[in-house]
Amino acid sequence: MIRTVESASASAPVLAAYSYCEAVTGQQARNFAYGIRLLPTPKRRAMSALYAFSRRVDDIGDGVLPADVKVARLDDTRALLARIHAGEIDEDDTDPVAVALAHAARRFPIPLGGLDELIDGVQMDLRGATYETWDDLKVYCRCVAGAIGRLSLGVFGTEPGARGAERAAEYADTLGLALQLTNILRDVREDAEDGRTYLPADDLAKFGCSAGFHGPTPPEGSDFTGLVHFEVRRARALFAEGYRLLPMLDRRSGACVAAMAGIYRRLLDRIERDPEAVLRGRVSLPGREKAYVAVRGLSGLDARHVTRRTVRRRA
């Protein structure tokens with residue numbers, strides 16, 4: 001069982017640091033922000049701190065700086081993370097993200113090594129890594145998304161006596177993989193324009209898509225629809241496994257996870273209905289649909305559905 005560590009009320013500098021992280025989250029991560037608004041204040045702040053640090057790492061990798069400068073900045077960020085881990089960040093430190101994350105790590109049992117994994121994943125991008133098989137791609141996805149699931153679980157905690165809680169981190173990791181694979185499908189053309197290919201080479205060859213995606217139409221003679229549907233089925237299987245985490249969480253943490261995952265599942269539905277849409281532009285959900293997903297998560301419908309399905313499997 002995972003428990004939070006109680007701490008005294010946050011000081012004014014810490015609250016200001018959290019406010020900065022929440023502003024970053026609200027401006028740059030609308031899907032994520034939709035989910036964490038369902039959390040109680042301490043958990044919402046901690047999740048914002050995690051997001052702000054993760055965003056910093058991602059922005060280094062996605063920015064326009066020369067590669068050697070990016071490598072140096074990632075090294076600096078890893079060194080900052082080591083200082084946070086060692087408890088060396090003071091409340092009056094000039095870096096609000098470091099202040100907020102250090103406070104969150106004192107309050108919750110956050111496995112900060114997951115952020116080291118995120119940095120590892122961004123370094124894979126800088127090296128121009130490609131992936132021959134799904135097993136290869138899973139290594140990358142676990143760094144950039146599975147680790148975020150495990151970090152988040154440190155904030156959420158599990159309910160006392162929750163059955164199967166010893167596997168909670170595994171399910172959180174799997175749910176992260178599901179979200180990342182959905183991201184990869186959604187961003188396939190944008191990534192191609194940036195010179196990146198994430199889908200496994202084996203899968204691309206199987207469906208005649210090895211030429212890549214550089215325009216609003218699939219490669220000539222390819223079965224692009226078949227490729228997308230193949231990856232959608234893989235993502236759905238990951239979601240089904242990862243959703244087994246939900247009954248282990250308290251109501252509001254479960255609602256947060258269900259909202260974030262539910263938004264991505266609906267994106268997956270849209271991609272499945274019109275695979276070539278990902279080549280024409282970014283697929284997204286309107287705000288009203290995100291709000292519906294959040295209400296559904298808060299109602300506990302997804303968690304109850306997972307619980308019933310798990311009970312039937314055991315019967």
Query raised in the report: Got a sec: does the OH of Y20 have more than 12 other heavy atoms crowding it under 6.0 Å?
Result: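 At most 12 heavy atoms, drawn from other residues, nucleotides or ligands, come within 6.0 Å of this atom.
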
For [X] and [Y], indicate whether the former's side chain and the latter's backbone hold a donor-acceptor pair under 3.5 Å.
{"X": "R252", "Y": "L39", "value": "yes"}
{"X": "D187", "Y": "E190", "value": "no"}
{"X": "Y18", "Y": "A104", "value": "yes"}
{"X": "D59", "Y": "R56", "value": "no"}

Closer than 4.0 angstrom, basic N to acidic O: yes or no for [X] and [Y]?
{"X": "D95", "Y": "R83", "value": "no"}
{"X": "D125", "Y": "K70", "value": "no"}
{"X": "D62", "Y": "R196", "value": "yes"}
{"X": "R236", "Y": "D269", "value": "yes"}

Query - Trace of the side chain to side chain donor-acceptor pair (under 3.5 Å) decision for T174 with E241 - result: CA-CA 7 Å; T174 300; E241 183 71 6; 5.8 Å; no

If you look at every heavy atom in [X] and [Y], which pair is closest and at what distance?
{"X": "S284", "Y": "R270", "result": "O-NH1, 3.3 Å"}
{"X": "L246", "Y": "A258", "result": "CD2-N, 4.0 Å"}
{"X": "H85", "Y": "L112", "result": "CD2-CB, 3.6 Å"}
{"X": "A235", "Y": "A178", "result": "O-CB, 4.0 Å"}
{"X": "I184", "Y": "C141", "result": "CD1-SG, 4.2 Å"}
{"X": "A277", "Y": "V283", "result": "CB-CG2, 4.0 Å"}

Query raised in the report: Looking at R78, R142, R150, which one forms a salt bridge (charged side-chain N to carboxylate O under 4.0 Å, His left out) with E117?
Result: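 Filter result, single survivor: R150.
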
Query raised in the report: Between Q27 and R55, is a side chain to side chain donor-acceptor pair (under 3.5 Å) present by the stated rule, with each step listed?
Result: CA-CA 11 Å; Q27 292 167 6; R55 181 73 189 205; over 6 Å; no

Query raised in the report: Honestly curious: do F207 and L279 fall in one hydrophobic cluster under the side-chain, below-4.5 Å linking rule?
Result: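 Yes, same cluster.
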
Query raised in the report: Do you reckon I119 sits in the same ILVMFWY cluster as L65, going by side-chain contacts under 4.5 Å, direct or chained?
Result: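 Unlinked, I119 and L65 end up in two clusters.
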
Query - All pairs passing side-chain hydrogen bond (donor to acceptor under 3.5 Å, both in side chains) where residues 201-226 contributes a residue, at least two apart - result: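 Listed by first then second residue: D203-R234.
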
Are side-chain heavy atoms of [X] and [Y] found at a separation under 4.5 Å?
{"X": "I84", "Y": "F53", "result": "yes"}
{"X": "L118", "Y": "D58", "result": "yes"}
{"X": "D136", "Y": "T130", "result": "no"}

**Report entry** Aromatic plane relationship, Y131 with Y198 - under 30° parallel, 30 to 60° tilted, over 60° perpendicular
**Finding:**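 Because their plane-to-plane angle is under 30°, the rings of Y198 and Y131 count as parallel.
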
